[in-house]
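Right, one structure below, let's go through it.
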Amino acid sequence: MSDDNNPAGGPQGPWPDGPPGPPQGGQSYGQQRGGPEQGGPQPGQMRFQDPSTTAPREPTLAEQRARRQAEAEDRERAAQAEQARLAAEQKSDSRRKLLIGSGVGLGLVGLVAGWYLVKPEDTTAICTTADGTVVENDDYCDEDYVTSHGGYVSGGFMFLPMPGGGMQQYRYNYGGSGSPGTQVRGGSFTKPDGANITTRSGKTVQRGGFGVSGGSFGKSGA
């Protein structure tokens, strides 16, 4: 083409046949010009991943260490809780045994102390005449002996027939002393309640003890 065809008389532009028209069919200028098509995602777009075909990402070393540390801490807390539970059970069992043992011990101590507090007193009964003269034969103050020999009991005295006629009176002295034919020394003519009373010959006049009142057992001349 010659410059004669250029009305302006200047050089021709880059399009000898005139500038291209607007893109047709949705094509861009680059596509129209034969440029490369853009196959990948454009900036600002997200790629869709299918869960059924996408492999999970392996945890990093830091994540693995953190997971192992968390599991170890959970095991340690569980072990500490179990130890605390066992310790509490042992403490409760020990306290229960201690209370039971203390109760038994206190019961035994109380029983022994009560026995010593109410332990019956041992007392010796001496047969005397009405005026307090000690006689050698303890049978004169025994109720069975007196009644079997024609005597009787009245007002705490034993009335025993005498060979020459009349009655001789006898009674026990408790806790006194003296030899036959002498006046009794000390003691009392009143029977002590709850005491173990025996004569000098070993005959039981009264047995004392728990719940036993004077005169409940044996025979007495008072």
Side-chain angles (χ1 to χ4, degrees), residues 83-222:
Q83 291 179 356
R85 185 184 66 82
L86 293 176
E89 290 181 355
Q90 292 178 355
K91 185 177 181 180
S92 178
D93 188 58
S94 299
R95 184 183 297 109
R96 182 169 57 254
K97 291 180 179 179
L98 179 61
L99 291 175
I100 294 174
S102 300
V104 173
L106 290 175
L108 292 176
V109 171
L111 181 62
V112 173
W115 166 255
Y116 279 104
L117 287 175
V118 298
K119 181 179 182 297
E121 180 183 358
D122 295 329
T123 303
T124 301
I126 300 175
C127 187
T128 69
T129 60
D131 61 1
T133 300
V134 179
V135 298
E136 184 174 359
N137 192 348
D138 292 332
D139 289 338
Y140 294 164
C141 292
D142 183 85
E143 183 177 343
D144 290 341
Y145 179 86
V146 171
T147 55
S148 65
H149 287 75
Y152 61 94
V153 180
S154 178
F157 287 89
M158 307 294 174
F159 292 86
L160 190 64
M162 297 176 64
M167 292 288 186
Q168 179 65 43
Q169 300 180 27
Y170 300 95
R171 60 178 175 171
Y172 278 124
N173 175 277
Y174 304 97
S177 62
S179 57
T182 63
Q183 285 293 118
V184 68
R185 296 186 300 274
S188 172
F189 290 99
T190 301
K191 183 194 299 182
D193 291 338
N196 287 325
I197 304 175
T198 56
T199 65
R200 289 183 293 183
S201 62
K203 182 183 298 185
T204 298
V205 176
Q206 174 180 283
R207 289 187 179 91
F210 291 107
V212 177
S213 59
S216 296
F217 294 92
K219 292 173 284 294
S220 172

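- For the atom pair CD of Gln169 and CE of Met158, the computed distance is 11.5 Å after rounding to the nearest 0.5 Å.
- In plain terms, the two heavy atoms of Arg200 and Gly178 that are nearest each other are NH1-O, 2.8 Å.
- Considering every non-hydrogen atom in both Asp138 and Ser201, the closest pair reads OD2-OG, 3.2 Å.
- Smallest separation of non-hydrogen atoms from Gly175 and Thr123: N-CG2, 3.6 Å.
- Judged as a side chain to side chain contact (heavy atoms under 4.5 Å, CB included), and not counting sequence neighbours, the contacts of Ser154 are Tyr152, Phe159.
- When all heavy atoms of Tyr140 and Val146 are compared, the pair lying nearest together is O-CG2, 3.4 Å.
- The side-chain hydrogen bond (donor to acceptor under 3.5 Å, both in side chains) test applied to Glu89 returns Arg85, not counting sequence neighbours.
- Between the CD atom in Glu121 and the CG atom in Asp193 there is a gap of 11.5 Å [rounded to 0.5 Å].
- Remark: Arg96 pairs with Asp93 by the salt bridge (charged side-chain N to carboxylate O under 4.0 Å, His left out) rule, at least two apart or across chains.
- Listed here is the closest heavy atom pair of Gly150 and Pro161: O-CG, 3.6 Å.
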Using a 3.5 Å cut-off and no angle test, enumerate the donor-acceptor pairs between side-chain atoms of residues 125-134 and protein atoms at least two apart in sequence or in another chain.
unit_1	atom_1	unit_2	atom_2	d
Thr128	OG1	Arg171	O	3.2
Thr129	OG1	Asp131	OD1	2.3
Thr129	OG1	Thr133	N	3.2
Asp131	OD1	Thr133	N	3.2
Asp131	OD1	Thr133	OG1	3.1
Thr133	OG1	Gln183	OE1	2.9

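- When the salt bridge (charged side-chain N to carboxylate O under 4.0 Å, His left out) test is applied to Asp139, the partners found at least two apart in sequence or on another chain are Lys203.
- To the nearest 0.5 Å, atom CG of residue Asn196 and atom OG1 of residue Thr204 are 8.0 Å apart.
- The backbone N or O of Gln90 lies less than 3.5 Å from a partner atom in the side chain of Ser94, making a donor-acceptor pair.
- Looking at every heavy atom in both residues, Asp144 comes nearest to Asp142 through N-OD2, 3.1 Å.
- Considering only heavy atoms from C-beta on, Phe189 comes within 4.5 Å of Val184 through its side chain.
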